[in-house]
Amino acid sequence: MKNIIIFGAPGSGKGTYSDEIVKRYNMGHISTGDVLRAEIKGGTELGKTAKSYIDQGQLLPDSLMIDILAKTYDAMPTGQGVIFDGFPRTIAQAEALKQMLAERKHDMGVMVELIVDEETLLARLLNRAIEQGRADDNEETIKKRFAVYHAQTEPLAEWFEKEGMRHTFTWKGDKDVMLGEIFAYLDTLK
Ligand code: AP5
Ligand code: MG
């Protein structure tokens, strides 16, 4: 499978659908949020820095994230393709990813955009707060994450459009329907 960039607001299902895509196509998966949460759990210096941003619903600095992404990518097998989940989140990160992959003679692949209404997003994240207790899943921080998404990340969709990579899937109230649409598209790439 080609590389896949899974793109969408907090709670849009990037992690959930990545797990399903990984199972079907046997790919690698990099979730930058998961990488940072593992650092926080491990009590590392990076984890301490990450926590100060994540708790505020803010993005970490691009230079730091670009470095983390390259190290994570180089440490994993890439032959079957990789899903990038939560990266890139800014134009600078997108440009850096493009350059990093070009240097390795790897293709950027495709972008899968998940569009979900904000009421559903909020309900999902508040429910996850009860089930998993993620520190940034409280209403105040969720609202900040939505605002950061609209200001800094959403404009990137146009960047992918210009690259000819953008493929949009819209939530219509049924997880399996959306998953079926995503698989139907990805199957055409194999
Ligand atoms: P990150 O971990 O990437 O969080 P996020 O973008 O806010 O997204 P989530 O993980 O909350 O949601 P998701 O889209 O994965 O949805 P999920 O599948 O879990 O980033 C966290 C923080 O780290 C950032 O705020 C930032 O501080 C920092 N960071 C990370 N990357 C960075 C970068 N590149 N640059 C700078 N900073 C960075 O689904 C949500 C819930 O809904 C789940 O519980 C799921 O089970 C449930 N659900 C219910 N129904 C459905 C359905 N039908 N489809 C999908 N999910 C469903
Ligand atoms: Mg996630």
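On a predicted model such as this, the values are computed, not experimentally measured, just so you know. Atoms within a ligand are numbered from 1 in the order they appear, just like the ligands themselves.
Residue contacts with ligand 1: Leu125 is placed with no nitrogen or oxygen under 3.5 Å of a nitrogen or oxygen of the ligand (distance criterion only). Where the criterion is an N or O separation shorter than 3.5 Å, residue side chain and backbone included, Asp137 fails it with respect to ligand 1. Taking only nitrogen or oxygen atoms, main chain and side chain alike, Arg128 reaches within less than 3.5 Å of ligand 1. Not one N or O of Leu36 is nearer than 3.5 Å to an N or O of ligand 1, by distance alone. The shortest N/O to N/O separation between Gln58 and ligand 1 falls below 3.5 Å. Below 3.5 Å of separation, one finds no N or O of Asp85 facing any N or O of ligand 1.
Of the listed residues (Arg145, Arg89, Gln93), the one carrying the non-hydrogen atom nearest atom 24 (C) of ligand 1 is Arg89. When the heavy-atom distances from atom 48 (N) of ligand 1 to Arg124, Lys14, Lys144 are ranked, the shortest goes to Arg124. Closest heavy-atom approach to atom 37 (N) of ligand 1 among the candidates Thr32, Asp19, Leu60: Leu60. For atom 16 (O) of ligand 1, the candidate residues are Ala129, Gly8, Gly13; the nearest heavy-atom contact is made by Gly13.
Between the side chains of Gln99 and Glu103, at least one donor N or O lies within less than 3.5 Å of an accepting N or O. Side chain to side chain, Glu181 and His167 fail the donor-acceptor criterion of an N or O pair below 3.5 Å. Side chain to side chain, Gln152 and Thr90 fail the donor-acceptor criterion of an N or O pair below 3.5 Å.
When the side chains of ILVMFWY residues are joined at heavy-atom separations under 4.5 Å, either directly or via intervening members, Val35 and Val22 end up in two distinct hydrophobic clusters. Taking hydrophobic clusters as Ile, Leu, Val, Met, Phe, Trp and Tyr residues chained together by side-chain heavy-atom distances below 4.5 Å, Leu121 shares a cluster with Phe169.
The protein non-hydrogen atom at the shortest distance from atom 10 (O) of ligand 1 is Arg134 NH1, 3.1 Å. Thr16 OG1, 4.0 Å is the protein heavy atom nearest to atom 46 (O) of ligand 1. Nearest non-hydrogen protein atom to atom 54 (N) of ligand 1 is Tyr17 OH, 3.3 Å. For atom 12 (O) of ligand 1, the closest heavy atom belonging to the protein is Gly11 N, 2.9 Å.
Listed by number with element, the atoms of ligand 1 under 4.0 Å from a non-hydrogen atom of Trp171 are 53 (N). Proximity to Ala9 (heavy-atom distance under 4.0 Å) selects the following atoms of ligand 1: 14 (O). The ligand atoms of ligand 1 that sit less than 4.0 angstrom from a heavy atom of Gly15 are 13 (P), 15 (O), 18 (O). Atoms of ligand 1 found under 4.0 Å from any heavy atom of Phe87 (numbered from 1 in listed order, with element): 34 (N). Atom numbering of ligand 1 starts at 1 in the shown order; those under 4.0 Å from a heavy atom of Arg37 are 2 (O), 21 (C). Within the listing of ligand 1, atoms 22 (C), 23 (O), 27 (O), 28 (C) sit less than 4.0 angstrom from a heavy atom of Ile54.
Annotation: side-chain hydrogen bond (donor to acceptor under 3.5 Å, both in side chains) contacts of Thr141 (sequence neighbours excluded): Asn138.
Side-chain contact check for Val112 versus Ile5: every heavy-atom pair is 4.5 Å or farther apart. At least one side-chain heavy atom of Asp19 sits less than 4.5 Å from a side-chain heavy atom of His29. Tyr25 places a side-chain heavy atom less than 4.5 Å from the side chain of Asp187.
By the 6.0 Å and 45° rule, Arg89 does not stack over the aromatic ring of Trp159.
Taking both residues in full, the closest heavy atoms of Gly11 and Leu125 are given as CA-CD2, 3.6 Å, listed atom of the first, atom of the second, then distance.
Proximity of Lys175 to ligand 1, defined as any heavy-atom pair under 4.0 Å, is shared by backbone and side chain alike.
Salt-bridge annotation for Glu20 and Arg24: absent, with no side-chain N of the basic residue lying under 4.0 Å from a carboxylate O of the acidic one.
Counting heavy atoms of neighbouring residues, nucleotides and ligands inside a 6.0 Å radius, atom NZ of Lys144 exceeds 12 of them.
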